[in-house]
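Reviewing the structure listed below.
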Amino acid sequence: SSAARSRSIAFPLSSMDHAGAWTGPSTCTIPIEHLDFAYIENCTNGSELEKIVKRLRSGEDGHFPELLASAEKQLAKNKPKSEVLKKTEREVRRSDLDPENRTRIEEEINEWENDAKEADARLKESGPHEKSLRPVRKVGGVEQGKEKKEWKSRIKSGDYRAWDSLDLNRVENEIEEAEEEKRRKKMLEDEEKLKPKLPKLEIPEDPIERQLMAQREKTKGNDSFRAENHAESISFYTRSIELDPLAVTFNNRAMAYLKLKNHSAALDDVNEVLRQEPDNRKVRQIENNNRNNVCVYS
């Protein structure tokens with residue numbers, strides 16, 4: 001009926017409102033009388049509160065900051081993980097800066113551009129430095145190193161005395177060791193390929209700032225570990241250790257190494273944990289179990 005239509009309004013919502021908050025590309029219908037302080041304060045339905053917040057953010061009925069703040073507060077209380085509460089910070093634009101800061105930044109950019117042009121001009125004037133360059137490697141011109149083992153002369157089929165004196169256990173161990181070494185090298189190569197190319201770590205002088213940065217890098221490592229991206233987690237743990245070498249970070253990196261079957265690196269980290277915390281029984285048990293998996297060539 002017309003009365004029902006007047007009490008309930010359908011409205012489209014864009015993916016981003018004027019405040020930079022996510023609203024979702026949906027169309028929802030709510031009664032107009034629900035846009036009220038008393039109703040919002042008593043509402044405990046998270047889905048309905050989301051619709052109310054979206055409605056108020058859309059600005060179709062005007063802008064009511066206090067009512068919107070009340071609705072967002074009630075939504076955060078009843079559904080704190082709602083996507084509607086997430087806000088996207090808008091990047092700073094030139095018009096947002098005050099004249100003094102804008103002028104300072106523009107001067108710094110112009111100075112940097114001039115320095116780059118002068119450096120480029122100096123390089124062009126100096127010409128190529130052919131003497132300082134290494135010779136180009138020729139295809140097939142590099143002598144291959146003797147990577148393969150020189151096998152001993154084969155035992156003749158009729159030399160029964162030599163066959164009787166052959167230590168089969170020793171030969172079998174040598175073959176297993178060679179195969180294990182190949183697996184280890186391949187594992188390290190694969191691990192290196194999976195590591196992300198992170199920017200160079202700038203270590204601050206302030207110890208408090210250094211600890212905070214180390215905590216952030218460790219948190220990134222934990223997130224990557226939970227996502228089963230163990231090579232990436234190792235990179236973040238390593239950066240955290242460079243900033244603040246805590247036992248807990250060495251322990252986390254050891255777990256990541258174990259996931260990649262890199263028992264030698266894991267054992268090194270476990271030993272560092274035990275050096276800092278000799279009474280850590282849990283890590284001591286990991287160290288005992290892991291030591292048996294370490295290859296003699298590691």
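What you are looking at is a predicted structure, and each value in this text was computed from that prediction instead of being measured.
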*What residues form a side-chain hydrogen bond (donor to acceptor under 3.5 Å, both in side chains) with Asn173, not counting sequence neighbours?*
none

_Please enumerate all residues that pass side-chain contact (heavy atoms from CB on, under 4.5 Å) together with Pro245, with sequence neighbours excluded._
Ile241, Phe250

*Roughly how far, to the nearest 0.5 Å, is CG of Asn251 from CD of Gln276?*
10.5 Å

*Who passes side-chain hydrogen bond (donor to acceptor under 3.5 Å, both in side chains) against Glu66, sequence neighbours left out?*
none

*Side chains of Lys79 and Leu49: does their closest heavy-atom pair fall under 4.5 Å?*
no

*asked:* Within this structure, what is the NZ-CG distance for the pair Lys73 and Asn78, rounded to the nearest 0.5 Å?
replied: 12.0 Å

*Could you tell me which residues satisfy salt bridge (charged side-chain N to carboxylate O under 4.0 Å, His left out) with Arg102, sequence neighbours excluded, listed by chain and number?*
none

*For Gly46 and Leu75, which heavy atoms make the closest approach, and how far apart are they?*
O-CD1, 3.6 Å

*asked:* Among residues at least two apart in sequence or on other chains, which ones pass salt bridge (charged side-chain N to carboxylate O under 4.0 Å, His left out) with Glu272?
replied: Arg275

*When rounded to the nearest 0.5 angstrom, what distance separates OG in Ser47 from CD1 in Ile52?*
11.0 Å

*Taking all atoms of both residues into account, what is the closest heavy-atom pair of Val273 and Ala247, and its distance?*
CG2-O, 3.4 Å

*Flag the pair Leu260 / Ile234 as yes when at least one side-chain heavy-atom distance between them is below 4.5 Å, and no otherwise.*
yes

*Atom of Gly221, atom of Ser233 and distance for their closest heavy-atom approach*: O-CB, 3.2 Å

*Glu106: salt bridge (charged side-chain N to carboxylate O under 4.0 Å, His left out) partners, not counting sequence neighbours*: Arg94

*Under the side-chain contact (heavy atoms from CB on, under 4.5 Å) rule, collect the residues that match up with Ser70, sequence neighbours excluded.*
Phe37, Ile40, Glu41

*side-chain contact (heavy atoms from CB on, under 4.5 Å) against Ala76, all qualifying residues, sequence neighbours excluded*: Leu85

*Inspect the contact between Glu100 and Arg104 and indicate whether a charged nitrogen and a carboxylate oxygen are less than 4.0 angstrom apart.*
no

*Taking everything shown except Glu228 itself, do over 12 heavy atoms lie less than 6.0 Å from its CD?*
no

*asked:* I need the Tyr237 OH to Glu232 CD distance, nearest 0.5 Å.
replied: 11.0 Å

_Set of residues satisfying side-chain hydrogen bond (donor to acceptor under 3.5 Å, both in side chains) with respect to Asp223, sequence neighbours excluded_ = Arg226

_Any non-hydrogen side-chain atom of Tyr257 less than 4.5 Å from a side-chain atom of Asp269?_
yes

_Atom pair CG/CG of Leu274 and Asp279 - distance to nearest 0.5 Å_ = 10.0 Å

*Would you say Asp36's side chain and Ala38's backbone share a donor-acceptor pair under 3.5 angstrom?*
yes

*Under the salt bridge (Lys or Arg N to Asp or Glu O under 4.0 Å) rule, what do Lys220 and Glu217 come out as? Steps first, then yes or no, please.*
CA-CA 5 Å; Lys220 294 177 185 177; Glu217 295 298 321; 3.5 Å; yes

*How would you list, by chain and number, every residue that makes a side-chain hydrogen bond (donor to acceptor under 3.5 Å, both in side chains) with Gln74, sequence neighbours excluded?*
none

Could you list the donor-acceptor pairs under 3.5 angstrom formed between side-chain atoms of residues 112-120 and any protein atom two or more places apart in sequence or on another chain?
| from | atom 1 | to | atom 2 | distance (Å) |
| --- | --- | --- | --- | --- |
| Asn114 | ND2 | Asn110 | O | 3.1 |

*Please state whether the rings of Tyr39 and His34 are parallel, tilted or perpendicular, taking 30° and 60° as the class boundaries.*
parallel

*Would you name the heavy atoms of Leu35 and Leu67 that are closest together and state the gap between them?*
O-CD2, 3.8 Å

_Single-linkage hydrophobic cluster Leu56~Ile32, side-chain heavy atoms < 4.5 angstrom_ = yes

*Does a side-chain heavy-atom distance below 4.5 Å link Leu243 with Gln211?*
no

*Just how far is it from atom CZ of Arg55 to atom CZ of Phe64, taken to the nearest 0.5 Å?*
10.0 Å

_Tell me whether Arg210 contacts the main-chain N or O of Pro204 through its side chain, where contact means a donor paired with an acceptor under 3.5 Å._
yes

*Output all residues satisfying side-chain contact (heavy atoms from CB on, under 4.5 Å) with Asn42, sequence neighbours left out; order by chain, then residue number.*
none

*asked:* If hydrophobic clusters are built by linking Ile, Leu, Val, Met, Phe, Trp and Tyr wherever their side-chain heavy atoms come under 4.5 Å apart, do Leu212 and Leu246 end up in the same one?
replied: no

